[in-house]
Amino acid sequence: MGWKFWKKKEEGRMKPEEPRRTRNLSCAVSCALMNEFGREPQALLRLRVASKRVKGLEAAYFFRVFDHSAAAARGIAIESYSSLDPYPELILFTGTFDKSTDALKIEPAEHKNTSTEAA
């Protein structure tokens, strides 16, 4: 038996093009929302993050923060980063995170209000 458990197989690793599932907010994102944007800790429990890898950088991610309960109330199932594309009004914050340097950049999402453009 040639058990080589110390060698990692490449076939089990996630590829950059594979969609990532939505997750609860990380500690870094939660702290940034509380400190920089004044969000209440209880309000953060409803929020989730959808992310995708930055092409060319293995440890960097684009992410979007959205209200999971608001999406569920509208009957919208958000499963990945790209599933938020048709619903930009659900996106509350966008940003990037680099795990290698622990650099976090987060900013409020910009929404185009169609009701004011028509007037």
Student: Could you grab the distance from atom OG of S100 to atom CG of L57, nearest 0.5 Å is fine?
Tutor: 7.5 Å
Student: In the hydrophobic cluster built from side-chain contacts under 4.5 Å, what are the other members alongside M34?
Tutor: L25, V29, L33, F37, L44, L47, V49, F63, V65, L92, F93, F97, L104, I106
Student: Are there over 12 heavy-atom neighbours, none belonging to F62, within less than 6.0 Å of that residue's CZ?
Tutor: no
Student: Taking only residues two or more places apart in sequence or in another chain, which ones pass side chain to side chain contact (heavy atoms under 4.5 Å, CB included) with A109?
Tutor: I91, T94, H111
Student: According to salt bridge (Lys or Arg N to Asp or Glu O under 4.0 Å), does anything in residues 24-41 pair up with another residue at least two apart or in another chain? List the pairs.
Tutor: none
Student: Residues in side chain to side chain contact (heavy atoms under 4.5 Å, CB included) with T22, at least two apart?
Tutor: R48, A50, F66, I78
Student: Taking salt bridge (Lys or Arg N to Asp or Glu O under 4.0 Å) as the cut-off, I'd like each qualifying pair that reaches into residues 90-105, sequence neighbours left out, listed once.
Tutor: none
Student: For the CD atom of E58 and the CZ atom of R53, what is their distance to the nearest 0.5 Å?
Tutor: 6.0 Å
Student: Does E107 have any salt bridge (Lys or Arg N to Asp or Glu O under 4.0 Å) partners at least two apart in sequence or in another chain, and if so, which?
Tutor: none
